[in-house]
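The structure appears right after this line, and notes come after that.
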Amino acid sequence: MPKVTRDQVAALAGTSTAVVSYVINNGPRPVAPATRQRVQAAIEQLGYRPDSMAQAMARRRTDLLGMVLPDARQPFFAELAHAVERVAFERGKLVLIGNSDYGGAREEHYTHAFLGMRVAGLILISQHGGRRPAADLGQDDGTRVALLHRRPDDPANAAVVTDDVGGARLAVRHLLDHGHRSVACLGRTASTLAPGDPVVDRVEGWSQAMAQASLATGGLLVEAPFDRFRSFDLALGLLTAPDRPSAVFCTTDDQAMGVLRAARELGLRVPQDLAVAGFDDISEAAFCDPPLTTVASDTEAMAQAAVAMVLDPPAAQAGPGGLVRRFPATLVVRRSCGCDPQLRAPTARR
């Protein structure tokens, strides 16, 4: 079939092509409601599809959002990316995703590739702080950049984060309230991760909770990978050691799932022989056996804030946190810690 043109839409609606353009682009000039309705009816009747590439060239900006994350296979990042995509759809934008695989070179490659595509905004889950301050990345063409999930090193960077320190303290204090005095932590330190990484802050929260309880942490911090598969192998060694801890706080839910599997393989009962708590509250946490006590980030609110940071005028984003929006973390109590909350069906995620 021949391609329907804007001239044909204008002829059927009884208006000019300029008015059709105003309706399609929602501006820059207002269109009377009756005229807008005629144009929309003509578009539907003719099956007209605007040339998005031509529109982007005219505006020197696309309707795309770029998003760089470490690994979309990791459940937390997958859920966070899905939340961002849903918010972007509501704002009339499409999301392009690049996986950095925790590598600085790949992160930089996708960052500059998306900026070169004239994205409407860039959301960056950085693992390395970037080779260049995020605030400077899009200055050349006015693209706004927001960090998500990771605390910024540079105060000039806009960022959306969780209170990772406070959330970890909540989880560890809860384990201590169950009477545990040997609470191991699966995490990473600033010696192997960038200082603003959430896992570093979660280790800090564990350390603070132990110190406030006057408990030693020597030998209890275990440098661990983030995924369940390698955490399983590591947990086998930790749980067969002579000084096995009575509880484990994991800085990610994926690690906690590896620990739960290792405990089962070794015949340890959770929570009777070993209490376990995680962080992230991914969907699978409620389906673990036993269901996993964990710390939840408000991924929906964080996604809303990140998209607003890159699309809305800066003046509309003033708040007590300045350029950094920090959302509180919430303890989600299930049975892996020793509590016995009422059994109910896990809530489906949006």
Legend entry - R326 and D163 ion-paired at < 4.0 Å: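 The answer is no: the pair does not qualify as a salt bridge.
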Legend entry - Side-chain ion pair, E90 and R86, N-O less than 4.0 Å: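 Not counted as a salt bridge, because no side-chain N and carboxylate O are separated by less than 4.0 Å.
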Inset, instruction - Please list, chain by chain and in numerical order, all residues satisfying ring pair (Phe, Tyr, Trp, His ring centres under 6.0 Å) with H149, sequence neighbours excluded. - result: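 Testing H149 for ring pair (Phe, Tyr, Trp, His ring centres under 6.0 Å), a comparison that skips the adjacent residues, returns F76, F77.
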Inset, instruction - Not counting sequence neighbours, which residues clear ring pair (Phe, Tyr, Trp, His ring centres under 6.0 Å) with H178? List them please. - result: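 H174.
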For [Y], is there any backbone N or O sitting under 3.5 Å from a side-chain donor or acceptor partner on [X]?
| X | Y | answer |
| --- | --- | --- |
| Q8 | T5 | yes |
| N99 | A72 | yes |
| T17 | A10 | no |

Report, as yes or no, whether the 6.0 Å neighbourhood of atom [atom1] on [X] holds more than 12 heavy atoms from other residues, nucleotides or ligands.
| X | atom1 | answer |
| --- | --- | --- |
| R181 | CZ | yes |
| Q272 | CD | yes |
| E265 | CD | yes |
| R91 | CZ | yes |

Legend entry - Side-chain heavy atoms of S336 within contact of P290, under 4.5 Å: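 Side chain of S336 against side chain of P290, heavy atoms only: contact under 4.5 Å found.
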Legend entry - Side chain to side chain, Q208 and V172, heavy atoms closer than 4.5 Å: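 When only atoms from C-beta onward are counted, V172 and Q208 do not touch, as no gap falls below 4.5 Å.
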Inset, instruction - Kindly give the heavy-atom pair with the smallest separation between F226 and T252, and that separation in Å. - result: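 Looking at all heavy atoms of both residues, the shortest contact is O-OG1, 3.2 Å.
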Inset, instruction - Run the numbers on V84 and H82 for side-chain contact (heavy atoms from CB on, under 4.5 Å), then give the verdict. - result: CA-CA 5 Å; V84 168; H82 188 268; over 6 Å; no
Got a sec, which pairs hit salt bridge (Lys or Arg N to Asp or Glu O under 4.0 Å) with one end in [range], sequence neighbours left out?
| range | value |
| --- | --- |
| residues 28-39 | none |
| residues 237-249 | none |
| residues 185-205 | R151-D201, D164-R202, R188-E223, R202-D280 |
| residues 247-260 | R228-D254 |

Legend entry - Remaining members of the apolar cluster that contains L234, side-chain heavy atoms under 4.5 Å: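 Same cluster as L234: L186, V222, F232, L236, L238, L239, V248, V259, L260, L266, L268, V270, L274, V276, L292.
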Distance in Å, [X] [atom1] paired with [Y] [atom2], rounded so as to fall on 0.5 Å steps:
| X | Y | atom1 | atom2 | value |
| --- | --- | --- | --- | --- |
| R106 | S100 | CZ | OG | 7.5 Å |
| R6 | Y48 | CZ | OH | 4.0 Å |
| I125 | Q74 | CD1 | CD | 11.5 Å |

[X]: partners by side chain to side chain contact (heavy atoms under 4.5 Å, CB included), with sequence neighbours left out:
| X | value |
| --- | --- |
| A211 | none |
| A11 | none |
| R230 | P225, D227 |
| A41 | none |

Inset, instruction - Consider only side-chain heavy atoms of I, L, V, M, F, W and Y, link residues closer than 4.5 Å, and tell whether V119 and Y110 are in one cluster. - result: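 Yes; tracing contacts between hydrophobic side chains, which count when under 4.5 Å, links both residues.
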Inset, instruction - Just grab all the ring-ring contact (aromatic ring centres under 6.0 Å, His included) pairs involving residues 12-35, residues at least two apart or on different chains. - result: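 Listed by first then second residue: nothing to list.
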